[in-house]
2 protein chains.
Amino acid sequence: MIYNMPKKKQIVSDLSTEEKIKEAARKVFTEKGYAAARTRDIAEEAGINLALLNYYFRSKEKLFDEIMLEKMQQLFGVMFPIVSDETLPLENKIDLIVQNYIDMLIKNPNLPLFVLNEIRNPSKTFDKNFPISKMLKNTSLVNQIKEARPDLNPVHFLLNILGMTIFPFIAKPIFGHVGLITEKEFTSLLNERKKLIPVWIKAILKSK
Amino acid sequence: MIYNMPKKKQIVSDLSTEEKIKEAARKVFTEKGYAAARTRDIAEEAGINLALLNYYFRSKEKLFDEIMLEKMQQLFGVMFPIVSDETLPLENKIDLIVQNYIDMLIKNPNLPLFVLNEIRNPSKTFDKNFPISKMLKNTSLVNQIKEARPDLNPVHFLLNILGMTIFPFIAKPIFGHVGLITEKEFTSLLNERKKLIPVWIKAILKSK
DNA sequence: GTCTATAACCTGATAGAC
DNA sequence: GTCTATCAGGTTATAGAC
C-alpha cells in the first residue's frame, strides 16, 4: 500500500503534462517577466524536460502568449461583469469592484505589475477591443458616473478607483525591500482598504 | 562655412562619449527593462561601438546600476524635500507633491513602471535606508496626517496620494494600445488632475 | 510522450590593431 | 579612445533514440 502513496513532490503531479508546464510558466513568467524568464527554468519548475516544453508549445513565445492572454483576462475580467450591469446602483458597483479586486490581487500580488509591464511591448498581440476599451464607452458604470458628476471626465474616477486599489500591489516591492512593513501588516492594510476605498470614492464624487 | 555646419545626427554629439552612452542607456533601459535591453542596442543608439561601451563601463550591469540609481533618485527625490519640511502646512504639502510629481512624470512617463519593475530583482543593490523608509518614519508629513486622522494608518493616505498621481502613468500603456485616448487628451487629463487630486485628498481626509 | 544530445543562434565581453 | 574581429558562455529549439 505504501508504494502507492504519492510522494510530496507529486502533489501537483496528477495534472496533465501540459497543465504542469502551464502552471510552471505562470509562476516563472509572472515573477521574472518574459525576457528574464528562461525556458529551462520553466521546464525544471514543471519537473519535466526542456524538449518536452517545445513539444507541447512549439516556442517560448507561443507559451508566453497563452499565459499572457490568461493573465489579462484575469486582471480585466474582474471589472467587466460589474461595469456593464444595468441594474446595480453606482454605490454597489464601487463596493464590488474594490472588494473583488483586492481579494483577487491578494492571491495574485504580482499580476498587475506583470501585465502592465509586458503590455508595453507592441510585438505581443492584443485584441484592440479588449475590456478596457468597452469600459470607457457607454457602459452602465460610466453613465452612472457621468450622471453623478457631469462636470468631469469620467476617466478621472476610473483612475481613482483603480489607482487606490491596484497601486499598493505595484508599490509593494518597495515596502518589501525597505523591510518597513511585514507581509501580515500589508494584508491587514489591504483588508482595511476594502471598506475604506469605497467610502473615499463616494466622498470624492460629492466633493465640491 | 557650410562644411562646418553640424549634421542633424550630431545634435547630441557635443556630449562626451561617456555621456552619450549614458543617455542612450537611459532610453533603452527604461523602455525595455534590464533583461530585454541589449548592450548592442545601447551602443547603436549612442552612435558608438560596442567595445567602447565596455571600455567605459566594464559591464552591462555596472552601466545599469548607474542608470538605476539615477532613476530611483529621480522618482523618490520629488517627495523627499517636501515630506520633511517642518514649516509647510499639510495642505500645501499635498499640493506640492501632486504637482511636482505630475510635472516630472509628464517628462518621464515610463519612469515609475521601470523603477517599480526592476526593484523587484533582489540581486540589484539598494540602500536599505532609501527615502521611502524615511518617509514612513516620523517625517513631518506623516505626523501631520496622524494629527488630521489619528484613527487610521497614515500609510493609507500615502498610498492614496501616490496611487492617484502615479497610477495613470502605469496604466498608460493600456490606453495607448486600446487607442482610446490620444497623447494630447492624456496630457490634458493629467493637467486637470494636478488641481483635482489635492481637492480629493482633502475631502478624503475629512470624510466620515 | 519523454528523454539525451546537439545544433543554431544570440549576447556580453575581450584582444589587439590603429 | 575608438575600432574590427572574435571568443566564451548561455539560450532556444530540434533531431533522433527509446
Side-chain angles (χ1 to χ4, degrees), chain A residues 6-7 9-68 114 117-118 121-125, chain B residues 6-7 9-69 114 117-118 121 123-125:
Chain A
K7 295 166 198 159
K9 278 261 177 182
Q10 289 178 334
I11 308 170
V12 181
S13 291
D14 24 344
L15 295 173
S16 71
T17 304
E18 184 173 344
E19 195 47 47
K20 274 194 290 185
I21 296 172
K22 286 181 82 168
E23 192 57 38
R26 283 181 199 107
K27 190 184 173 211
V28 176
F29 277 137
T30 51
E31 273 175 9
K32 306 203 191 189
Y34 177 79
R38 299 178 316 165
T39 49
R40 278 174 165 78
D41 297 335
I42 297 172
E44 192 187 357
E45 178 75 32
I48 55 97
N49 189 275
L50 173 58
L52 207 52
L53 186 150
N54 284 286
Y55 173 76
Y56 276 95
F57 295 94
R58 278 196 57 85
S59 78
K60 178 185 180 184
E61 193 162 347
K62 286 238 170 50
L63 173 56
F64 176 80
D65 284 347
E66 285 199 31
I67 304 300
M68 181 68 180
F114 169 72
N117 198 50
E118 298 293 340
N121 193 334
S123 79
K124 307 290 183 304
T125 39
Chain B
K7 296 166 197 158
K9 278 259 174 184
Q10 288 178 336
I11 309 168
V12 179
S13 290
D14 24 343
L15 296 173
S16 71
T17 303
E18 184 172 344
E19 195 47 48
K20 272 194 289 184
I21 297 172
K22 287 181 83 168
E23 193 57 36
R26 282 182 200 108
K27 187 181 176 216
V28 177
F29 277 137
T30 51
E31 272 176 10
K32 305 204 193 190
Y34 178 80
R38 300 180 314 168
T39 51
R40 281 174 165 78
D41 297 335
I42 298 172
E44 192 187 357
E45 178 75 32
I48 54 99
N49 189 275
L50 172 58
L52 207 52
L53 186 150
N54 285 287
Y55 172 78
Y56 276 95
F57 294 95
R58 279 196 56 85
S59 76
K60 179 186 179 181
E61 193 162 347
K62 287 236 168 49
L63 173 56
F64 176 80
D65 283 348
E66 286 198 32
I67 304 300
M68 180 69 180
L69 181 65
F114 168 72
N117 197 50
E118 297 294 339
N121 194 334
S123 78
K124 308 290 184 302
T125 37

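All chains are named by letter (A, B, ...) in the order of the sequence lines, taking the proteins before the strands, and each is independently numbered beginning at 1. Computation of the quantities below employed the complete heavy-atom set of this structure, encompassing side-chain atoms and omitting hydrogens, waters and symmetry-equivalent molecules.
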Separation of dG1(C) atom P from Ile21(A) atom CD1, nearest Å, is 11 Å
Salt-bridge contact Arg26(B)-Glu19(B) (side-chain N to carboxylate O under 4.0 Å): yes
Quick one: does Tyr56(B)'s side chain get under 4.5 Å of Lys22(B)'s, heavy atoms only? no
Quick one: do Asp65(A) and Lys62(A) make a salt bridge, cutoff under 4.0 Å? no
Give the rounded distance in Å between these two atoms: CZ of Phe57(B) and P of dT2(D). 12 Å
Given salt bridge (Lys or Arg N to Asp or Glu O under 4.0 Å), test Glu23(A) with Lys20(A) step by step and report yes or no. CA-CA 5 Å; Glu23(A) 192 57 38; Lys20(A) 274 194 290 185; over 6 Å; no
Parallel, tilted or perpendicular: rings of Tyr34(A) and Phe29(A) (30°, 60°): parallel
Could you tell me the separation between the CG atom of Leu52(B) and the C1' atom of dG1(D), rounded to a whole number of Å? 6 Å
Each nucleotide of nucleotides 10-15 of chain C classed B (base within 4.0 Å of a protein heavy atom), S (only sugar-phosphate) or -, in 5' to 3' order, makes -BBBBB
